Amino acid sequence: MTTSTPAPPFVPGAVLRSPVGLGRAVGVLLGVVIAADVFGCYADLLEMNAAGDIADGATGAGMLHRAEHADTLYHWAGFTQAWTLLATAVVYLCWLWRVRVNAEVFDRSAHVMGRGWTIGGWFCPIVNLWFPRRIVLNIWDTSVPWGARARHSPVNAWWTLWIISILTGRLASMSWNHAHTERLLHNAAGQMLFSDAVDIGAAVLAIVVVVRLTRMQVRKALVGPVPAPVLG
């Protein structure tokens, strides 16, 4: 005979809601982030080349125009990247909160951190280097279809590139602020070019994580509770 599956324990405030709309919005905004990073890489390259040529002795009105054009694009690129990242972060955190609450409906016991850390973990110094990854992994594991194996490689790859991008970007900004010669500006622009290129990879992998996690939750919600074993 078959036995009925017991209802999951009541979780205050945990209601299953579709993450599809927010997931699509995050995917689109991450695409905008990638476009802004491509623009940033182009500006970094122009700045690096102009500063390097001046350091090598290039002069003249043409060289001055190149340098001014590179400086303008470099600053506009930084402005564009900052605002696109901010807009994306707001929508991403809304999506992450949604999938975290859904994951609690699937299995409350699988989460090692309180719900508040879903947002707060990104803003607390030091712990923001690993808390968000841990939270996403808990959501990922809980959202995997019943009986399937949880593979963490997409999350780990995304988080690795994200951390590299953040750290190298901060080092590049410090180098830029302390660059008092054209050669140092050339080096700082090269560091920023590397950081922006890594950030493109991180954004691509972030889209992969968002799409896969959203799809897993939809599929798991449609399947319903885990089938009960057949007893005979």
Side-chain angles (χ1 to χ4, degrees), residues 2 4-34 85 87-122 127-165 199-230:
T2 61
S4 59
T5 304
F10 175 71
V11 181
V15 178
L16 198 62
R17 299 177 63 189
S18 173
V20 174
L22 285 172
R24 288 174 178 170
V26 174
V28 170
L29 287 171
L30 284 169
V32 177
V33 168
I34 292 172
L85 180 61
T88 304
V90 171
V91 181
Y92 174 83
L93 289 177
C94 292
W95 168 83
L96 188 63
W97 183 268
R98 176 73 57 84
V99 294
R100 166 58 195 262
V101 174
N102 287 346
E104 289 185 15
V105 176
F106 294 144
D107 185 358
R108 177 67 179 86
S109 64
H111 304 279
V112 298
M113 299 179 187
R115 193 186 296 175
W117 284 110
T118 306
I119 307 297
W122 291 88
V127 299
N128 58 7
L129 295 176
W130 72 87
F131 269 31
R133 170 187 169 273
R134 182 69 263 168
I135 291 168
V136 172
L137 285 178
N138 287 154
I139 298 171
W140 186 277
D141 290 345
T142 312
S143 304
V144 169
W146 306 116
R149 180 181 178 184
R151 299 184 182 276
H152 296 162
S153 52
V155 178
N156 290 334
W158 156 66
W159 190 251
T160 299
L161 290 187
W162 168 251
I163 292 298
I164 293 174
S165 173
D199 194 60
I200 292 174
V204 171
L205 289 173
I207 293 175
V208 172
V209 171
V210 169
V211 170
R212 291 188 59 179
L213 184 50
T214 299
R215 287 178 177 174
M216 284 194 301
Q217 288 208 339
V218 170
R219 290 171 182 168
K220 193 163 188 175
L222 292 175
V223 169
V226 59
V230 177

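Treat the numbers as computed from the prediction; the structure is a model and nothing was measured. Computed over heavy atoms, backbone and side chain alike; hydrogens, waters and symmetry mates excluded.
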Here the gap from Asn102 atom CG to Thr214 atom OG1, rounded to the nearest 0.5 Å, amounts to 9.5 Å
Nearest 0.5 Å, what's the CH2-CZ distance between Trp140 and Arg151? 11.5 Å
To check you understand the geometry: which heavy-atom pair defines the closest contact between His152 and Asp141, and what is its length? NE2-OD1, 2.6 Å
Hey, what do you get for CG (Asp107) to CD1 (Ile139), rounding to the nearest 0.5 Å? 13.0 Å
Return yes if a side-chain donor-acceptor contact under 3.5 Å exists between Asn138 and Arg100, otherwise no. no
Can you tell me how far apart CG (Asp199) and CG (Leu161) are? Round to the nearest 0.5 Å. 9.5 Å
Where the side chain of Lys220 meets the backbone of Phe106, is there a donor-acceptor pair that is under 3.5 Å apart? no
Just how far is it from atom CH2 of Trp159 to atom CG of Leu205, taken to the nearest 0.5 Å? 13.5 Å
List the atom pairs, with distances to 0.1 Å, where a side-chain N or O of residues 15-34 and a protein N or O form a donor-acceptor pair under 3.5 Å, not counting sequence neighbours.
{"from": "Ser18", "atom 1": "OG", "to": "Val20", "atom 2": "N", "distance (Å)": "3.3"}

For the side chain of Gln217 and the backbone of Val99, is there at least one donor-acceptor N/O pair under 3.5 Å apart? yes
Out of curiosity, Trp117 CH2 to Asn128 CG, how far, rounded to the nearest 0.5 Å? 10.0 Å
Keeping Thr118 on the side-chain end and Arg115 on the backbone end, is there a donor-acceptor pair under 3.5 Å? yes
Apply side chain to side chain contact (heavy atoms under 4.5 Å, CB included) to residues Trp97 and Ile119 and explain how you reach the verdict. CA-CA 8 Å; Trp97 183 268; Ile119 307 297; 3.8 Å; yes
Given the rule in the side chain to side chain contact (heavy atoms under 4.5 Å, CB included) test, do Trp122 and Tyr92 qualify, once you have shown the distances and angles that lead to the verdict? CA-CA 12 Å; Trp122 291 88; Tyr92 174 83; 3.6 Å; yes
Using a cut-off of 6.0 Å, state whether more than 12 heavy atoms not belonging to Trp162 lie near its atom CH2. no
